[in-house]
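One-based numbering along the sequence shown.
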Amino acid sequence: KAIEYYDRCLATDQEAGEEENIGRDYTNLGIAYKNKGELGSAQKYYQQAVDIFKKTENEIEIAKSLGNLANLYSEMKDFKKAKEHYLLTLEIFRKLKNDENIAKSLNNIADVQIKLGSCSDAVVYGNKSFELSEQIGIKNNLKDAYKVLAEAYACTGDQGNAYKFFRLYSDTKDSIINEESAKRVIEMQTLYETEKKEKEIEILSKDKEIQTTEIKNQNIIISSAAGGLILLITLLFFIFRSYKVKQKSNILLERKNATITRQKDELEKLSIVASETDNSVFIMDSEANLEWANAGFTRLSGYTLDQFI
């Protein structure tokens, strides 16, 4: 699947003319075929990567690709070609003044010299790698230098130095492992604390959300109750006002009825008096038309009310 993916990437980059990406695609294909055990195909793609990066004049990628070829030749037991490519890699890194990779290249050359049986040369390159690694203070480089020097001195028969550098290699390796373990512990602790804080924040957020919801519900209840109370007070006000208006109207009506009754009684009394008196009594309207006359009027005038009208 990895090879299929990198083949698709290569086709896409070739179509687009992206030469730098094409070089990286060749490198990735070389690694994929190497992991698969197809070293011949890996060699082909590594060499194609070198050619592409030479074309783009990308020195660091040229050195890396030559290093990949050197490692491959070493795995294929072709130590002479491995040495040749490590030396080419060393030359480029020296040109770039890349001390870390210079130290690694020196170490690789020392290792391949041991495999070629050139033990004295291996000691020379191993010590150069050790001195530079100590100078730049990179522990992994120092560890590798100690290891190759232990093997180189063992190759020459110098067991004292072989043991010395093996102890340095073992102690440095343990130190690196302890540092990496401590780093992982710190990272795990940091991750734990981060997750713990995130959970606390999540819980606080949920609590706040619940409180906000409760407050919102309480506000709705209070608003509803207040609205209901205002509505009730308004209704009672109109009922009370209607009652007061009706009560006032009833009082006025009672007073008017009382007045009418009183006036009626007075009129009845007057009517009785007017009817019984011997004097002439009559009532006229606003236009002086005769409306009513008693018996005294008829006796005195000789006319009845109908005859007079």
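- The closest donor-acceptor contact from the side chain of S170 to the backbone of F166 lies at 3.5 Å or more, if one exists at all.
- Of the possible donor and acceptor atoms, none in the side chain of D111 sits under 3.5 Å from a partner among the backbone N and O of N107.
- L142 and Y163 fall into different hydrophobic clusters, where Ile, Leu, Val, Met, Phe, Trp and Tyr are joined by side-chain heavy atoms under 4.5 Å apart, directly or via other members.
- Remark: aromatic rings of Y146 and F130 are close, center separation under 6.0 Å.
- Screening I102, L66, N108 for a side chain to side chain contact (heavy atoms under 4.5 Å, CB included) involving L90 leaves a single residue, I102.
- A donor and an acceptor atom, one from each side chain of K139 and S175, are located under 3.5 Å apart.
- Environment of CD in Q247: crowded, with over 12 heavy atoms of neighbouring residues, nucleotides or ligands closer than 6.0 Å.
- Atom-to-atom distance recorded for D25:CG and Q48:CD is 11.0 Å, nearest 0.5 angstrom.
- Residues N98 and I60 have side chains in contact (heavy-atom distance under 4.5 Å, counting atoms from C-beta outward).
- I3 and L29 get closest at one heavy-atom pair: O-CD2, 3.8 Å.
- Side-chain contact between T89 and S105 is present, with heavy atoms from C-beta onward closer than 4.5 Å.
- Nearest heavy-atom pair across T27 and A49 is OG1-CB, 3.5 Å.
- Scanning all heavy atoms of the two residues, the minimum distance from T56 to E20 falls at OG1-OE2, 2.8 Å.
- Partner of L69 under the side chain to side chain contact (heavy atoms under 4.5 Å, CB included) criterion, chosen from H85, E84, K64: H85.
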### Task
Would you check, one step at a time, whether the test side chain to side chain contact (heavy atoms under 4.5 Å, CB included) holds for S65 with Y46?
CA-CA 6 Å; S65 298; Y46 282 151; 5.9 Å; no
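- Counting heavy atoms of neighbouring residues, nucleotides and ligands inside a 6.0 Å radius, atom CD of E91 does not exceed 12 of them.
- We find that K55 and D51 are not joined by a salt bridge, their nearest charged nitrogen and carboxylate oxygen being 4.0 Å or further apart.
- Here K128 pairs with L106, V124 under the side-chain contact (heavy atoms from CB on, under 4.5 Å) rule; sequence neighbours left out.
- Linking ILVMFWY side-chain heavy atoms closer than 4.5 Å, directly or via other members, places I92 and L72 in a single hydrophobic cluster.
- Taking each heavy atom of G30 and A42 in turn, the nearest pair found is O-CB, 3.3 Å.
- A donor and an acceptor atom, one from each side chain of N127 and E131, are nowhere located under 3.5 Å apart.
- Counted within 6.0 Å of NZ on K83, heavy atoms from surrounding residues, nucleotides or ligands total 12 or fewer; the atom is thus considered open.
- Looking only at side-chain heavy atoms (C-beta outward), Y33 and Y45 come within less than 4.5 Å of each other.
- Contact check for D158 versus N161: side-chain heavy atoms found under the 4.5 Å cut-off.
- Of all heavy-atom pairs between E151 and I114, the closest is CB-CD1, 3.8 Å.
- Taking hydrophobic clusters as Ile, Leu, Val, Met, Phe, Trp and Tyr residues chained together by side-chain heavy-atom distances below 4.5 Å, I136 shares a cluster with I109.
- The hydrophobic clustering, which links ILVMFWY residues whose side-chain heavy atoms are closer than 4.5 Å, places L87 and V148 apart.
- A donor-acceptor contact shorter than 3.5 Å is absent between the side chain of S129 and the backbone of Y125.
- The closest side-chain heavy-atom distance from F165 to K147 is not below 4.5 Å.
- With values rounded to the nearest 0.5 angstrom, R184 atom CZ is found 9.0 Å from I177 atom CD1.
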### Task
Verify salt bridge (charged side-chain N to carboxylate O under 4.0 Å, His left out) between K104 and E100, making sure each step is shown before the conclusion.
CA-CA 6 Å; K104 287 180 179 179; E100 182 180 354; 3.7 Å; yes
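- Taking CE from M188 and OG from S181, the interatomic distance works out to 11.0 Å, rounded to the nearest 0.5 Å.
- The OG1 atom of T12 sits 9.5 Å away from atom CD of Q14, with the distance rounded to the nearest 0.5 Å.
- Cluster membership for L116 and Y153, using ILVMFWY side-chain heavy atoms within less than 4.5 angstrom, is not shared.
- Summarising the geometry of L149 relative to G126, their closest heavy-atom pair is CD2-C, 3.6 Å, with the distance given to 0.1 Å.
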### Query
Can Y86 and Q113 be said to form a side chain to side chain contact (heavy atoms under 4.5 Å, CB included), step by step?
CA-CA 11 Å; Y86 282 135; Q113 293 283 35; over 6 Å; no
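- Each of K81, K34, K115 was compared with E75 under the salt bridge (charged side-chain N to carboxylate O under 4.0 Å, His left out) criterion, and only K34 meets it.
- Atoms CG and CZ, from N101 and F93 in turn, are 3.5 Å apart once rounded to the nearest 0.5 Å.
- In this structure, CG on N68 lies 11.5 Å from CD on Q47, to the nearest 0.5 angstrom.
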